[in-house]
Amino acid sequence: METNSFIQFKQSAMRKYFSRMNDMQQKAIFTVNGPVLVLAGAGTGKTTAIVNRIANMINFGDGYTDNSYQGNSSDTAFLKDYAEGRTDDFESLRDIVAHNPIQPWNILAITFTNKSANELKERLRSMLGSAGLDVNASTFHSACVKILRKEISSIGFGEDFTIYDSDDSQRMIKNVMNDNDVSEKQFAPKTVLNEIRSAKEKMISPEEYAKNSATDYKRKVISKIYTSYQERMKSANALDFDDLLFFTVRIFEEYPEILAKYQRKYKYILVDEYQDTNYVQFRLVTLLSEVSRNICVVGDDDQSIYKFRGADIGNILGFEEQFRDAVVVRLEQNYRSTQNILSASNAIISNNSARKDKHLWTDGAEGNKVYWYKAFDENDEVRFIVDTIKKNYAQNGKYSDTAILYRMNAQSNYIETTLARNSIPYRVYGGMRFFDRKEIKDITAYLAFINNPDDILRFRRIINEPKRNIGDSTVQLIEEISRDLKISPLEVMKNCEEYDPLSKKIAPLKTAYAMFEQLIEKSETLPLDEFFDFVLAKTGYMDFLKADENSEPKIENVNELRSTIVQYMRKAHMPSLNEYLEETVLYTDYDRETSSEDRVTLMTVHSAKGLEFRNVFIVAMEENIFPAVRSLENQEDMEEERRLAYVAVTRAKENVYITTARQRLLFGQTQRNITSRFIKEASVFIEKHDNALAMKNAMKADEDKAVTQVHSISLQQQLARNKMYSSPTAVVTENFSKGDRILHPKFGEGTVISAVQTLNNVMLEIAFDTLGTKKIMAGGVKIRKI
DNA sequence: CGAAATGGCATTTTT
DNA sequence: TGCCATTTCG
């Protein structure tokens, strides 16, 4: 009697402690040991559940399910009081309830992005204080870097290895292709890199790749490039992003004692966004949890949208097969959206076959129907968006609760222009990132090369930037010598007089060597920020920038880079160049910092995952765009598009606006697409507002009037209409015809052979008096009739 | 060597 | 159409 009530009150007291969580969330929180699969639909409080689960593990261990301690009557009385709200003495609760509490450093929580890792860290800290900071919450990549810095010597790299970003990798591929006489025309470096990347994602080494390539010419070539790429990476002591995961798993597979060490360290593994894991990531997680079997994966198969970069939805769908005893928790109560939005998204996603059945619900309001605006063309479409944003703004005085989502980045342009013209503040996500800018990459390359003089790629990038009279052929020679003799390019420069082919360049090489020698020396003595200034001055890079009159934004960027160094120095325990470089390459999140400014957000549906907005516009929901053309043929791709549509709709708290256009100008061509199947799938929850028909009829009336006077005026009309909508610069004002004499600012005088009218430009074929015949767009360079 | 012209290409993106 | 990377020409 007594024992039963102890356990009963213990559980109610603990439920009381986590009473802000719903039953399902509590189930996830209290299942501490063994494999757990949390299927968390959009907006169901997933992160909160994760944070609370970790808090439970650290505070109470497996106290909730433990039967070994039977308590006594005063404990039972306390628990009863706690459960019924007469006390909230947490310390006493923990004393009585805790069983095998888990040390924070035995927990590894893995996410995909720095943003979510940071969010997790922050929430753990605020819930658990300093214990929260001891949980290893990091991305796959940074978790692997940490392991590799300790263990990589086992496979022959130095522990101060350099990390290459995608841009660096691609350059490296190009270099390798050039040196192996593989034409970039025949094999696009991008394609080659992708192939290598996907091989690494599947844990296929160059040797293994070679085995299956004997018969296929393309594979044979790629195999050669892959092998040589990895060799060079090794001699540069560099790893690319994929290597970080690949080599960690390799080490675990080949060195059981190293694996065992980490299995002991990370007794509890938690993986967020599990639906987006690829094979290496799956392997890593599987290996680490093999012994403890304490693995909790959290995700939503309906939000798996990264197949194109290797994500395997099978990982989450197969979890229950992999772990027969897995506890499955479904989070389906949604705290974000109105019932109508949820119904619409459920209606869409239920057309997918490869999924675990889930049904989002809310006890909140019914809300508005999804608003579908059928526009005449893309200009009418943005006009609607602008009007609606203005209307909403008039009501609640806020722009930042609105997002405009599109399928591809190319669509942002015409929306931006119109927003700007209407003075609606906005921010576009995506595009050039801070650390991808040339000047930033250059300076970082200096720092990286000073940090690791074997880094041949960075050497190549900066040795003649600014100009030091060391041209391509000389660099090529240095590289070859360095490779053949297995010495660093610096060594080659130092002793350049020993190498005959370099004899003509001894002076510049010696000068450059002396410079690097000084830089390296200062890197060991100066604090980082002062060292940074020294590099800028000594290398002449700052002067080089200042010499260009348009360089102000660049100089500003450089100053911003400096402030990242200062920031880093402030928070680092032992600031080092190596660690700083690691952070900048791995944590590029910095320029995504959420500004508090009140702006409309423009982004692709992909980058909207995990975010929420009161009002969401989903632009151009038409077949060929959303779903994208390339997914129409293939069932699997189509299901991914549908998941994407599901993600898009579930971003909204209150209002979803979907737009389509009867015709639209995209990639310079006018196209007519039929309505997206996704709209039809959710039609019950959608309200259609057709402006296309009205506008078409209005235009038809105009046209009829005109036709009575002039025949076939439609091209003229078309042009006039384009003039109205498009920027004025694109319009050709002068009319050219065959036989006209013209003056071109560069090519001089000539005679027009033909003039072909395109939609809003004229293609001229001109016989120049001195240069022969050329085809030129009249709208581009200024061509005058004479 | 650097600006200008040409050609090719156009889902989605994090680390 | 518009962007980019590469080529081309002075």
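Chain letters run A, B, ... following the sequence lines, proteins first and then strands; every chain starts at 1. The basis for the numbers below is simple: all heavy atoms, side chains too, and nothing from hydrogens, waters or symmetry mates.
Comparing C/dA5, B/dT13, B/dA10 by their nearest atom to the side chain of A/Phe667 picks out B/dA10. For A/Arg630, whose side chain is taken as the heavy atoms from C-beta onward, the closest listed nucleotide among B/dT15, C/dC3, B/dA10 is B/dA10. Picking from B/dT11, B/dT13, C/dC3 the nucleotide with the shortest atom distance to the side chain of A/Met408 gives B/dT11. Among the nucleotides B/dT11, B/dT13, B/dA10, the one closest to any side-chain atom of A/Arg407 is B/dT11. Residue A/Lys174 places its side chain closer to C/dA5 than to any other of C/dA5, B/dT13, C/dC3. Of the listed nucleotides (B/dT15, B/dT11, B/dT14), B/dT15 has the atom at the smallest distance from the side chain of A/Phe241. The nucleotide whose nearest atom lies closest to any side-chain atom of A/Asn409 is, among B/dT15, B/dT12, B/dT14, B/dT12. Here the side chain of A/Glu184 is nearest to one of B/dA10, C/dT6, B/dT11, namely C/dT6.
If you check every strand for non-hydrogen atoms under 4.0 Å, A/Lys467 touches sugar and phosphate atoms only. As judged by a 4.0 angstrom heavy-atom cut-off over every strand, A/Glu582 is placed among residues making no nucleic acid contact. Note on A/Phe140: nothing from the nucleic acid sits closer than 4.0 angstrom, heavy atoms only.
Atoms CG (A/Asp240) and P (B/dT14) sit 17 Å apart, rounded to a whole Å. Protein atom CG of A/Asp436 is 11 Å distant from nucleotide atom P of B/dT14, rounded to whole Å. For A/Leu666 and B/dA10, the CG to P distance is 14 Å, given to the nearest whole Å. Rounded to whole Å, atom P of C/dC4 lies 14 Å from atom CD of A/Gln170. Atom-to-atom, OH of A/Tyr429 to P of B/dT12 comes out at 18 Å; the value is rounded to the nearest Å. Nucleotide B/dA10 holds its P atom 17 Å from the CG atom of A/Asn624, rounded to whole Å. Distance NZ (A/Lys307) to P (B/dT13): 17 Å, rounded to an integer number of Å. Distance, A/Phe247 CZ to B/dT15 P: 21 Å, rounded to whole Å.
Under the Watson-Crick or G-U wobble criterion, with both distances below 3.5 Å, C/dC3 is paired with B/dG8. Using Watson-Crick or G-U wobble geometry with both donor-acceptor distances under 3.5 Å, B/dT13 finds no partner in any strand shown.
Anti is the glycosidic conformation of C/dT7, whose angle departs from 0 by more than 90°.
Each of A/Lys190 and A/Thr604 was assigned the nucleotide of DNA chain B with the nearest heavy atom; the assignment lying further toward the 5' end belongs to A/Lys190. The residue among A/Phe112 and A/Ser631 whose nearest nucleotide of DNA chain B lies closer to the 5′ end is A/Ser631.
A 4.5 Å side-chain heavy-atom check between A/Asn194 and A/Arg309 finds every atom pair outside the cut-off.
No donor-acceptor pair under 3.5 Å is formed between the side chain of A/Glu201 and the backbone N or O of A/Tyr279. Checked by atom type and distance alone, the side chain of A/Arg662 never pairs as donor or acceptor with a backbone atom of A/Ala375 at under 3.5 Å. Judged by distance alone, the side chain of A/Ser304 and the main-chain N or O of A/Asp300 form no donor-acceptor pair under 3.5 Å.
In this pair, A/Phe308 and A/Tyr306 present their aromatic rings tilted. The plane angle is within the 30 to 60° band.
When the side-chain nitrogen and oxygen atoms of A/Thr113 are compared with OP1 and OP2 of B/dT14, none of them lie within a distance under 4.0 Å. Phosphate contact (OP1/OP2 of B/dT15, side-chain N/O of A/Asn114, threshold under 4.0 Å): present.
To the nearest 0.5 Å, atoms CD (A/Gln303) and CD (A/Glu273) are separated by 7.0 Å. A/Tyr429 contributes atom OH, which lies 12.0 Å from atom CG of A/Leu405 (distance to the nearest 0.5 angstrom).
Nucleotides C/dC4 and B/dT13 place their P atoms 15 Å apart, quoted to the nearest Å.
One can find a donor-acceptor pair under 3.5 Å joining the base of B/dT15 and the side-chain atoms of A/Ser166.
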